[in-house]
Structures are given as structure tokens and as C-alpha cells.
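Accompanying notes for the structure given below.
Throughout, protein chains are lettered first and strands after them, A, B, ... in sequence-line order, and every chain is numbered starting at 1. These values consider heavy atoms only, across backbone and side chains, with no hydrogens, waters or symmetry-generated copies. Keep in mind that what you see is a predicted model, and the values were worked out from it rather than measured.
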Number of protein chains: 2
Amino acid sequence: MASTIRDVARQAGVSISTVSRVLNKTCAVAQDKRERVEKAAVDLGYIPNPNARSLLMKSTGGIGILLPHVSGEFFSEFLTGLDEVAKNNDFFLLISASHDRASEWQSSVQSVYKRVDGLIVMAPQLTPRQLNLVTDVPTVFVNTPVAPRDRQLVDIINFDNLGGTRAATEYLIELGHRKLAYLAGPERAFDARERRIGFVAAMDAAGLEDYTILQAGYVQEAGRAAATTLLAMEDLPTAVVVANDYCALGLASELMASGVRIPEDVSIIGFDNVPSAAFARPSLTTLSVPIREVGMQALEMLISRIRLSDESPGRTVNLPVELVVRESTSTPLAG
Amino acid sequence: MASTIRDVARQAGVSISTVSRVLNKTCAVAQDKRERVEKAAVDLGYIPNPNARSLLMKSTGGIGILLPHVSGEFFSEFLTGLDEVAKNNDFFLLISASHDRASEWQSSVQSVYKRVDGLIVMAPQLTPRQLNLVTDVPTVFVNTPVAPRDRQLVDIINFDNLGGTRAATEYLIELGHRKLAYLAGPERAFDARERRIGFVAAMDAAGLEDYTILQAGYVQEAGRAAATTLLAMEDLPTAVVVANDYCALGLASELMASGVRIPEDVSIIGFDNVPSAAFARPSLTTLSVPIREVGMQALEMLISRIRLSDESPGRTVNLPVELVVRESTSTPLAG
DNA sequence: ACGGGCCGTGAAAACGTTTTCAGGAAAATA
DNA sequence: TATTTTCCTGAAAACGTTTTCACGGCCCGT
């Protein structure tokens with residue numbers, strides 16, 4: 001059914017070598033033969049078989065995107081950034097999500113093997129050791145715990161997770177809050193650990209010891225669950241720093257359902273600045289991660305490395321996160 | 001660097017045929033040789049080259065996902081559903097978005113050619129004629145204007161776009177609204193046209209002629225722009241049906257910024273029921289499309305067709321959408 | 001003891017390209 | 001005109017697999 005280069009050659013009355021040369025403009029071909037080949041190719045609707053091609057050449061034109069999962073606005077924005085750059089550079093995206101569980105990580109890596117020219121990996125929940133599996137292709141790690149020394153030719157983009165929650169906590173302390181709580185993300189995730197450390201660091205620096213840390217997660221339900229835990233305590237904290245916007249949104253929603261006013265009774269700060277954070281009422285004060293731009297930058301770094309066979313030592317970029325003050329925070333008892 | 005089947009064969013002291021047979025369990029091999037091969041494969045970290053493999057066999061283990069774009073919670077949820085089923089069946093996802101502009105559609109199709117075993121296409125903005133480009137592989141169309149007769153072996157999943165907005169409009173009329181407005185989606189999109197027709201149909205059926213239709217879009221900014229247009233009119237409608245949640249959210253936000261109360265002054269209904277719709281204040285009454293489940297079902301249909309080389313005539317599934325009443329709608333002047 | 005089936009194995013063909021190699025014709029130089 | 005260079009072209013090798021084919025040895029029945 002699908003026509004091959006041989007069909008085109010036969011129809012044009014030339015050899016397959018000539019067809020290849022015409023289609024790839026790889027070297028000069030006589031005017032008349034070129035035209036015959038071009039016509040034949042169009043007539044037959046010929047599309048080169050990419051498998052045969054990449055078997056021979058090094059390049060596939062693909063970029064592998066390895067993510068823990070793909071739900072929510074955070075990843076959606078990330079993909080949007082990636083997609084835009086990919087489109088502009090004629091790359092296609094091979095997305096392998098679902099290694100939320102580390103056991104699936106290996107099969108994720110194998111599924112892109114030899115099918116892509118480079119890799120963008122976001123895997124905050126993996127250990128450097130597991131990450132060593134990645135090999136052979138240029139890679140950009142985003143928000144992933146890679147030691148730069150491990151491999152020389154990879155680039156790394158990280159957000160300032162620690163500095164973010166520290167700044168958020170300092171902001172709350174400055175507003176006058178003394179009794180704070182922290183809702184932590186998944187224990188195994190690298191960014192969740194950093195964010196938690198940022199909170200503790202700020203509290204320690206201010207000499208405040210009256211704080212609670214609750215294990216929560218990166219989803220709304222975790223925030224709701226944490227709310228009931230907090231409500232069961234003798235007295236509520238006046239402010240809560242949350243490791244993630246969705247979690248913060250769930251917390252706010254559940255607290256409000258119990259008659260707690262936000263921010264008058266409890267101030268809340270999230271992390272990520274997903275679009276929903278601006279729509280919620282009260283709108284959510286949060287730490288903005290420009291994840292879409294991160295996606296674009298990551299892919300641009302990767303593509304330039306692929307194109308130029310760039311062997312220069314890997315760069316490590318540390319992006320600041322920005323505190324966006326909205327309605328969910330105020331001085332304590334302000335209402 | 002990367003080891004081939006020949007390396008494994010040499011190390012194990014057998015022929016490459018034997019290695020292939022051991023690794024694919026394709027037929028019996030002597031116990032001792034099998035063990036030697038397995039050990040050699042592990043030692044060398046051998047992974048078969050998928051390009052060589054799919055050059056020969058029909059299957060690639062890939063599913064192509066062709067989308068207009070990838071931003072927002074709607075697509076994020078869709079991908080989540082797809083990803084889950086793909087993972088469970090050991091398929092990988094090759095995503096080609098960015099054919100928002102029809103001109104890119106062709107290159108999207110070409111980029112997956114021979115790289116996937118099947119296709120899931122969502123392309124409401126394309127014409128049946130353009131869609132004919134898709135060929136050669138099993139395909140499931142989702143929310144896409146395909147005439148079933150065009151090709152026999154494709155499956156189609158559509159939402160009841162028309163019935164959705166009609167039900168929403170009827171609901172508002174029942175509440176007592178008489179002067180309505182409609183914010184339409186992108187003119188070229190098939191679903192946007194259907195949704196618009198649903199609104200008009202309900203108005204006509206109720207004998208109401210006092211309505212405004214504004215061209216908007218599927219993004220927040222379009223809703224904001226529409227708000228200023230509405231505010232410039234002599235008197236506001238008491239209710240607005242909007243073709244999309246994000247657009248509705250933008251509209252609500254901008255109206256409220258101008259002192260318009262929602263729902264007291266203006267009721268608003270969206271479409272899609274994205275997660276943000278529940279978080280917004282007032283929370284958004286909307287039409288729920290179970291897009292995640294749609295993704296799962298679509299891929300399951302596709303995979304069964306691939307696995308069984310299913311030649312049965314294509315099915316067309318029409319999914320109802322459900323009105324979810326929240327805070328953004330009420331009887332007119334209720335406040 | 002001898003012929004027929006079965007089992008395990010390696011050689012070789014095939015998949016659809018790109019690229020190297022070498023040869024022939026035409027054009028340029030002497 | 002003889003010689004070299006340049007240009008264009010086809011044959012063939014290579015990429016890494018899977019699969020068909022054929023061959024030899026073994027077990028079984030007569």
C-alpha cells in the first residue's frame with residue numbers, strides 16, 4: 001500500500017540513489033531527472049519511512065519528555081512551552097509520563113531508547129542513582145536531583161525551591177504571624193524536601209519554634225485532608241505555607257467550609273502559581289514558577305546541543321521564584 | 001557504544017538468530033544457550049533497536065495523539081486518561097499538537113507516519129476533506145467532524161455539544177431569564193458551531209428573539225474582551241451562555257471588576273467543567289464533559305482494534321454532557 | 001538396523017533508507 | 001587532439017533486527 005523509494009525510482013525511471021539525492025537535496029541532479037522524480041514522489045504520495053532512515057542516520061527528529069505524570073495546569077503549561085519550541089524546530093515530542101512510581105521509570109527510559117535525539121527529564125522523586133540509567137543522548141534535567149559531576153554533558157534547570165518557601169515564610173513573619181504551619185509535599189520528592197527546608201530555615205532564623213509540619217501532597221485532596229487535621233488541633237495557626245497550589249486550594253476550600261475566614265483567620269501561601277490560583281476566591285498568594293518559559297528554555301538548550309553536537313560542559317541554571325501577593329494573605333486578625 | 005544483537009551473540013557464543021529467539025521467546029532454545037544469552041544481554045545492557053524492529057515488523061508500540069494544542073486543564077485531563085491506558089498496555093504516546101492552524105496539520109500527520117500503530121485525533125477546526133489525509137492506520141476521532149461514511153474502519157467519539165448548550169439555555173429560560181447573550185467559540189471549530197446552534201435552537205423554541213451573539217473564543221482573554229463589549233451595550237443581558245469555561249471565567253472576572261454582581265445581575269454558564277470552574281468564586285455552573293474518561297475509552301477502542309486487527313465497521317459514540325449547577329446562576333434579580 | 005519425523009541451530013534474505021565507491025560522459029585545459 | 005578535471009549516475013554496502021530455509025542430529029517405530 002505505502003509506496004517506497006523503489007516505487008518512485010521505477011516510476012521516474014532512475015535509480016533509488018538518484019531519488020534519495022533529489023529528495024534530500026544532497027547533491028546536484030540533472031534538471032530533467034529531478035523533475036521526473038519530484039512528480040513521481042507527489043503522484044505516489046511518497047513519504048520516506050522514518051524507521052529505515054533513523055536506522056542509518058543518527059537523528060530521529062524526536063525529543064523524549066519524561067515526566068512523573070501529566071495532570072494539572074503545571075504540566076500542561078510545561079508541555080505548552082515545549083510544544084511551541086518543538087514545532088518551531090520541526091521536532092516531535094514523545095511523551096512518557098507515569099513514572100510516578102519509580103518502578104516504571106526504567107520502562108519509560110527504554111521506551112524512548114533510539115527513538116529520540118534528546119531527552120527532557122523531570123523526575124523530582126528519583127534518586128541520582130536511578131537517574132544514571134539515562135545515557136547515550138543529550139539530556140536536560142528540570143527540577144530533578146542530579147549531581148552535575150555525575151555526567152558532564154547534561155544541562156540542569158532548577159527552581160529555587162528552598163528560597164521560595166523561605167521568602168514566603170519570611171513574608172508571613174514580617175506581617176506579624178508567629179504561629180505557622182507547613183503542608184509538605186510527597187516525602188520522596190526532591191523539590192518537596194527543599195521547600196520544606198526553606199520553611200524550617202526561615203522559622204529557625206526568626207527564632208520561632210511554634211510550628212506544625214503536616215505531610216500532605218501535591219493534590220487538592222491532600223489539602224482537604226490536612227484541613228481536617230488542622231481543625232482538630234486546639235488552636236489553628238494564623239498562617240499556613242503550602243508546598244503546592246492545588247493543595248493550598250483544597251486547604252482553603254475546606255477551611256472556609258468550616259467557617260474559617262481567609263485571610264482574616266488564616267493566611268495561606270501556595271507554590272507554583274498555576275492559573276487556578278488567580279481564579280480562586282480569595283485568590284491565592286503564591287510563589288510563581290515560570291514553568292512555561294522553563295519548558296521553552298530547556299528545549300532550546302537541548303536542541304542547540306543536538307544541532308551542534310555540543311560537547312561543552314553542562315550548564316546548571318537556577319531560576320528564582322517570585323512571591324505573588326494576592327488575597328489569601330494578610331496580617332493576623334486583620335479582619 | 002550501544003551494543004547490538006551481534007555483540008550479544010558473540011559474547012554468548014551463539015548466532016544472532018538464537019539471540020533473537022531467546023529474547024522474543026519465539027521458539028524453543030536449549031537450556032544452556034538460553035542462559036548464556038540472557039546473561040550476555042544483561043551484562044551488555046542490550047536494548048533492541050526499535051527502528052530496526054519496526055522496519056521489519058508491522059508494529060511500533062506507539063500511539064499518535066494529534067491535538068490542536070495542549071494548553072489548559074481540558075487537554076491535560078484528556079492526556080491523563082490516555083496516559084493511564086497507554087501505560088497499562090505498554091504503548092508510548094507520540095504527541096503532535098500545534099495544528100491549531102490548519103496549515104500545520106499535514107506536517108503533524110507526516111510526523112507520525114510509520115512511527116505509530118494507531119492515531120487518536122482531536123481536530124474540531126478541520127474540515128472532513130482535510131481529515132482524509134489520515135490513512136493507513138486505525139484511528140479514533142474525538143470531537144472531530146468526520147462523516148462516518150468517509151472511511152469504514154474508524155471510530156468516532158463525540159460529545160453532545162448541541163444538546164449541551166440547548167439544555168443550559170433551557171435551564172436559564174426556566175429560571176425566568178428572557179434577555180440572554182451567547183459567547184461563541186472560534187468560528188471555524190466544529191464544536192463551537194454546534195454549541196452555538198444549541199443556544200439558538202433553545203431560544204427559538206422558547207420564542208425568544210432578544211438575544212446577542214458575540215464572537216469570543218476558548219480562552220480567558222476572549223471572555224474579558226467580550227465583557228467590555230457587553231458593558232458598552234445599553235442594558236446588560238440577565239444571563240450569558242458561554243461556549244467554554246475559561247472564556248466564562250474571564251467574563252465573570254471582568255464583569256465583577258466593573259461592579260456587576262454574579263449571579264444577581266448576570267447569570268453565567270460555561271462549558272467543559274474544567275477543574276478551575278469549581279474553584280472560581282462564584283463557582284461556575286457549567287456543562288460537564290468527562291474528558292478524562294473519553295480519553296481512556298478512545299484509547300481502549302483503538303488498542304483493541306490494533307490488537308485484533310479488527311476490521312469491523314467503525315462505531316460512533318455520542319456522549320451526553322451533564323449540566324452541573326453551581327453558584328454562577330440564579331433567577332434574575334434574585335439578589 | 002534403517003527410514004521418517006521432530007527439534008535445535010546457523011546462514012541468509014528481507015525491511016527501506018543513505019552513502020560510499022567507482023565509472024562514464026562531458027567539459028575544460030594544455 | 002590528448003589529458004585532466006568535473007559532473008552526474010547506478011551498483012552495492014551498511015544500519016540492526018526478524019524470519020524463512022535448510023541442515024544435522026536425535027528419538028521413535030517397524
Side-chain angles (χ1 to χ4, degrees), chain A residues 1-38 40-41 44-62 110-117 135-137 309, chain B residues 1-38 40-41 44-62 110-117 136-137:
Chain A
M1 197 88 285
S3 51
T4 77
I5 198 175
R6 231 168 292 271
D7 300 323
V8 178
R10 187 171 341 108
Q11 176 127 347
V14 297
S15 75
I16 59 168
S17 324
T18 303
V19 175
S20 176
R21 283 190 270 255
V22 169
L23 266 31
N24 299 302
K25 309 190 196 316
T26 185
C27 72
V29 172
Q31 175 81 7
D32 60 328
K33 304 207 178 187
R34 155 173 297 124
E35 282 166 1
R36 287 215 306 278
V37 169
E38 279 166 351
L44 274 67
Y46 170 69
I47 302 176
N49 184 319
N51 297 305
R53 193 174 233 160
S54 17
L55 188 56
L56 214 41
M57 312 171 61
K58 48 192 174 185
S59 99
T60 65
Q110 290 201 3
S111 78
V112 298
Y113 173 76
K114 288 288 181 192
R115 271 193 258 252
V116 296
D117 297 337
T135 178
D136 224 16
V137 288
S309 315
Chain B
M1 200 88 286
S3 52
T4 77
I5 198 176
R6 231 168 292 270
D7 300 324
V8 178
R10 187 171 340 110
Q11 178 126 348
V14 298
S15 74
I16 60 168
S17 325
T18 303
V19 176
S20 175
R21 284 190 270 255
V22 170
L23 266 30
N24 298 303
K25 309 190 196 317
T26 185
C27 73
V29 172
Q31 175 81 8
D32 59 328
K33 306 206 178 188
R34 154 174 297 124
E35 282 167 0
R36 285 216 308 277
V37 168
E38 278 165 351
L44 274 68
Y46 169 70
I47 303 177
N49 183 320
N51 297 306
R53 192 174 234 160
S54 16
L55 189 55
L56 215 42
M57 311 170 63
K58 48 191 176 186
S59 99
T60 65
Q110 290 201 5
S111 78
V112 300
Y113 173 75
K114 289 288 182 194
R115 273 193 256 252
V116 297
D117 297 338
D136 225 15
V137 288

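- In this structure, the side chain of B:Asn51 engages the main chain of A:Lys114 through a donor-acceptor pair within 3.5 Å.
- Rounded to an integer number of Å, the gap from B:Gln31 CD to C:dT9 P is 11 Å.
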Stepwise side-chain contact (heavy atoms from CB on, under 4.5 Å) test for A:Ser20 and A:Ile5 | CA-CA 8 Å; A:Ser20 176; A:Ile5 198 175; 4.0 Å; yes
Please tabulate the protein-to-nucleotide N/O contacts below 3.5 Å involving nucleotides 22-28 of chain C, giving atom names and distances.
none

For side-chain contact (heavy atoms from CB on, under 4.5 Å), just list the numbers for A:Arg21 and A:Val14, CA-CA rounded to whole Å, side-chain angles, deciding distance to a tenth of an Å, and then say yes or no.
-> CA-CA 11 Å; A:Arg21 283 190 270 255; A:Val14 297; over 6 Å; no
For side-chain contact (heavy atoms from CB on, under 4.5 Å), just list the numbers for B:Arg6 and B:Ile16, CA-CA rounded to whole Å, side-chain angles, deciding distance to a tenth of an Å, and then say yes or no.
-> CA-CA 6 Å; B:Arg6 231 168 292 270; B:Ile16 60 168; 3.9 Å; yes
Scoring nucleotides 13-20 of chain C by protein non-hydrogen atoms under 4.0 Å (B base, S sugar-phosphate only, - none) yields -BBBBBBB
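- Rounded to an integer number of Å, the gap from CZ of A:Arg10 to C1' of D:dG10 is 16 Å.
- Across B:Leu23 and B:Val37, no two heavy atoms sit closer than the pair CD1-CG1, 4.1 Å.
- The only option from B:Val116, B:Thr60, B:Asp117 that meets the side chain to side chain contact (heavy atoms under 4.5 Å, CB included) definition with B:Ser54 turns out to be B:Thr60.
- Note: CZ (A:Arg34) to P (D:dC7) measures 14 Å, nearest angstrom.
- The main-chain N or O of B:Ala12 is found under 3.5 Å from a side-chain atom of B:Arg36 such that the two form a donor-acceptor pair.
- In plain terms, the two heavy atoms of A:Ala9 and A:Ser15 that are nearest each other are CB-C, 3.9 Å.
- Using modelled atom types, no side-chain atom of B:Arg34 and backbone atom of B:Val22 make a donor-acceptor pair closer than 3.5 Å.
- In the helix from C:dA1-D:dT30 to C:dA30-D:dT1, the end axes, each obtained as the rotation axis mapping the C1' atoms of four pairs onto the next four within a five-pair block, lie 50° apart to the nearest 10 degrees.
- Annotation for B:Asn49 and A:Leu55: closest pair ND2-CD1, 4.1 Å, computed over non-hydrogen atoms.
- The side chain of B:Lys33 contributes no N or O atom lying less than 4.0 Å from OP1 or OP2 of C:dG8.
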